[in-house]
**Student:** 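Below is a structure I'd like to ask you about.
The figures here come from the full heavy-atom set of this structure, side chains too, leaving out hydrogens, waters and symmetry mates. Just so it is clear, the model here is predicted, and its values are computed rather than measured.
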Amino acid sequence: MATIKIKQIKSKIGYPVDQKRTLEALGLRKISQVVEKEDTPVIRGMIQKVHHLVEVID
């Protein structure tokens, strides 16, 4: 399957607990950290939930 790179671009401080947990579930802990995940509907939904804190890298 295809993979997708996700980069955290903004701090999670000040955001609701569910959004912080979503970032942790994606494997993101620090700003500018990049993780590579499989491109599945579940991962896409997680990205959509925290779209203001992350960016998708081609």
**Student:** Are Val42 and Ile47 grouped together when hydrophobic residues (ILVMFWY) are joined by side-chain heavy atoms under 4.5 angstrom apart?
**Tutor:** yes

**Student:** Out of curiosity, Ile9 CD1 to Glu55 CD, how far, rounded to the nearest 0.5 Å?
**Tutor:** 5.0 Å

**Student:** Between atom CD of Gln8 and atom NZ of Lys30, what is the distance when rounded to the nearest 0.5 Å?
**Tutor:** 11.0 Å

**Student:** Who are the ring-ring contact (aromatic ring centres under 6.0 Å, His included) partners of His51, not counting sequence neighbours?
**Tutor:** none

**Student:** Can you tell me how far apart NZ (Lys49) and CG (Leu26) are? Round to the nearest 0.5 Å.
**Tutor:** 11.5 Å

**Student:** How long is the span from the NZ atom in Lys10 to the NZ atom in Lys12, to the nearest 0.5 Å?
**Tutor:** 15.0 Å

**Student:** Under a 4.5 Å side-chain heavy-atom rule over Ile, Leu, Val, Met, Phe, Trp and Tyr, are Val35 and Ile4 clustered together?
**Tutor:** yes

**Student:** Establish whether Tyr15 and Ile31 are linked, either directly or via other cluster members, by ILVMFWY side-chain heavy-atom contacts under 4.5 Å.
**Tutor:** no

**Student:** Sequence neighbours excluded, which residues qualify as side-chain hydrogen bond (donor to acceptor under 3.5 Å, both in side chains) partners of Lys7?
**Tutor:** none

**Student:** When rounded to the nearest 0.5 angstrom, what is the spacing between CE in Met46 and OG1 in Thr40?
**Tutor:** 9.0 Å

**Student:** Identify, with sequence neighbours excluded, every residue that meets side-chain hydrogen bond (donor to acceptor under 3.5 Å, both in side chains) alongside Arg29.
**Tutor:** none

**Student:** Nearest 0.5 Å please: distance from the CG atom of Leu53 over to the CD1 atom of Ile6.
**Tutor:** 12.5 Å

